[in-house]
Amino acid sequence: MITSTCLSINEENHLTIGGIDTTKLAAKYGTPLYVLDEDTIRANCRLYTESMNRFYDGNGLILYASKALCNTALCKIVASENMGVDVVSGGELYTAHKAGVPMDKVYFHGNNKTADELELALSLGVGRFIVDNRDELLLLNSLCEKMGKKASILFRVTPGIDAHTHDFIMTGQIDCKFGVVLETGDAMDIIRLASTLENVTVVGVHCHIGSQIFDLDPFCEAAKVMVNFMGDVKDTLGLTLTELNLGGGFGICYTEADDPIPYDKYMEAVSKVVKETTAKRGLPLPKILMEPGRSIVGSAGITLYTVGSVKPIPDVRNYLAVDGGMGDNPRYMLYEAEYEFLLANRAGDEKNEVYTIAGKCCESGDLLGEHIALPKAKPGDVLAVLATGAYNYSMASNYNRIPRPAMVMTSGGKERVVVKRETYEDVIKNDCE
Ligand SMILES: *Cc1c(COP(=O)(O)O)cnc(C)c1O
């Protein structure tokens, strides 16, 4: 089953992406190869930006959570779609800067930003800091003083919503490495402290309740809890917060078991809750921020591999080994993430064999999937793994000194390389002796 609209099968029975034959891409650029369809990425961006206009009078900003996939090409694309960028490290910040993303639209997250990273962000003029904890607040304030800068900040709040159950288990989220807890009073205390500091201005609050969520309710519940907290801040401290950042986490389709909600539905539902709750609390409408990552790039990308060997172990399993693996996609190894697989050069053939897809690294756990139905495969076949646009390249490593793959982007029936394949020289470039 092919779930992404950029994918199709041509008359030669080959998988296509953005109208381009993937077997030709594999032959031209080599494998493993990441391929993303830019037109799909832009369409995903517009679903969010247009819904912000339609349901909330454009009083907000969509931030691309760049940890899903961060490179200069992608930062340029999202910036040209009038989105901002959410970064969680100096490296992501530097990438956004080099891509020319306007710094006032960059939001700096992370639960342990270093002094060096904060200084870089201050000197580049980053728009907002999402402050995680008390130590970071004090560090940021003192760095501002040292550098003669002021910082606009939001606090990351743990609203006590468990997105992965339907019971909203309130205690489930107190144990979290991110943010300050709302229900224990920590969140109020830190805002009180911040309001006494010279060099920071608290403009809002942020929450991010999880990832790969398929349900509107947790987002609506989080929005309600957060607006009520903004009401409490006003009542207790006399401080009117003007920004509400509701994070990301919108689910995508990896296999046919996944049934995502159209992304504009989130904005529609959340803006209704925000409007109702602010009215009830007598608050002005805040600027809303949303931070989709996976749902911008995930289903726009595929990975192509070449099959190297097929090894049946009778009564045990059939191994099919490819020329990549955990180095370019660690998600199966990390959390048994499921994907859709097909043979790109015989894309429409009946899937009458079952394989364990193995990578080429020296780890038995280096698998891309198990119990995967495919046509009978042989060396030289091109294996396509679908919906690998998010959290694949961004999590890639050089384990076993394997160079990271190239990334190609398709648009309007043409393709271009946006990230070069690493060379062996790249692999040793930091070795000093
Ligand atoms: C990971 C993350 C996101 C993006 O999550 P997706 O599931 O990729 O949409 C957004 N905001 C924050 C703070 C995050 O940590």
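Each ligand, and each atom within it, is numbered from 1 in the order the structure gives.
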Chemist: How close does the nearest protein non-hydrogen atom get to atom 7 (O) of ligand 1, and which residue and atom is it?
Modeler: Ser211 OG, 2.4 Å
Chemist: Decide whether Tyr29 and Glu415 meet the rule of one side-chain donor and one side-chain acceptor closer than 3.5 Å.
Modeler: yes
Chemist: Which is closest to atom 9 (O) of ligand 1 by heavy-atom distance: Gly249, Gly298, Ser394?
Modeler: Gly249
Chemist: Using a heavy-atom cut-off of under 4.0 Å, does the side chain or the backbone of Ala65 touch ligand 1, or both, or neither?
Modeler: side chain
Chemist: Is NZ or CZ of Lys113 both nearer than 6.0 Å to the six-membered ring centre of Phe108 and within 45° of the ring axis?
Modeler: yes
Chemist: Below 4.0 angstrom from a heavy atom of Asp86, which ligand 1 atoms are there? Numbered from 1 as shown, please.
Modeler: 10 (C), 11 (N), 12 (C)
Chemist: Aromatic ring centroids of His206 and His109 under 6.0 Å?
Modeler: yes
Chemist: Does any N/O atom on Gly210 come nearer than 3.5 Å to any N/O atom on ligand 1?
Modeler: no
Chemist: Given Gln212, His208, His206, which has its nearest heavy atom closest to atom 5 (O) of ligand 1?
Modeler: His208
Chemist: Does ligand 1 come near enough to Gly293 that some N or O of the ligand is less than 3.5 Å from an N or O of the residue?
Modeler: yes
Chemist: Hey, which atoms in ligand 1 end up nearer than 4.0 Å to a heavy atom of Arg294?
Modeler: 6 (P), 8 (O), 9 (O)
Chemist: Heavy-atom contact check, 4.0 Å cutoff: does Tyr391 meet ligand 1?
Modeler: yes
Chemist: Would you name the heavy atoms of Tyr48 and Ser295 that are closest together and state the gap between them?
Modeler: OH-OG, 2.7 Å
Chemist: Could you check Ile62, Asn59, Leu289, Asn82 and say which one makes a side chain to side chain contact (heavy atoms under 4.5 Å, CB included) with Met52?
Modeler: Ile62
Chemist: Using distance alone, determine whether Arg156 and ligand 1 share an N or O pair under 3.5 Å.
Modeler: no
Chemist: Students often mix this up, so state it plainly: with edges at 30° and 60°, are the rings of Tyr266 and Phe250 parallel, tilted or perpendicular?
Modeler: tilted
Chemist: Anything under 3.5 Å between a donor and an acceptor, one on a side chain of residues 143-152, the other on a protein residue two or more places apart or in another chain? List them.
Modeler:
residue, atom, partner, partner atom, Å
Lys146, NZ, Glu119, OE2, 2.9
Lys150, NZ, Glu198, O, 3.3
Lys150, NZ, Asn199, OD1, 3.2

Chemist: Does the side chain of Tyr34 pick up a donor-acceptor pair with the side chain of Arg404 at under 3.5 Å?
Modeler: no
Chemist: Check each of His109, Glu291, Lys67 against atom 11 (N) of ligand 1 and report the one with the nearest heavy atom.
Modeler: Glu291
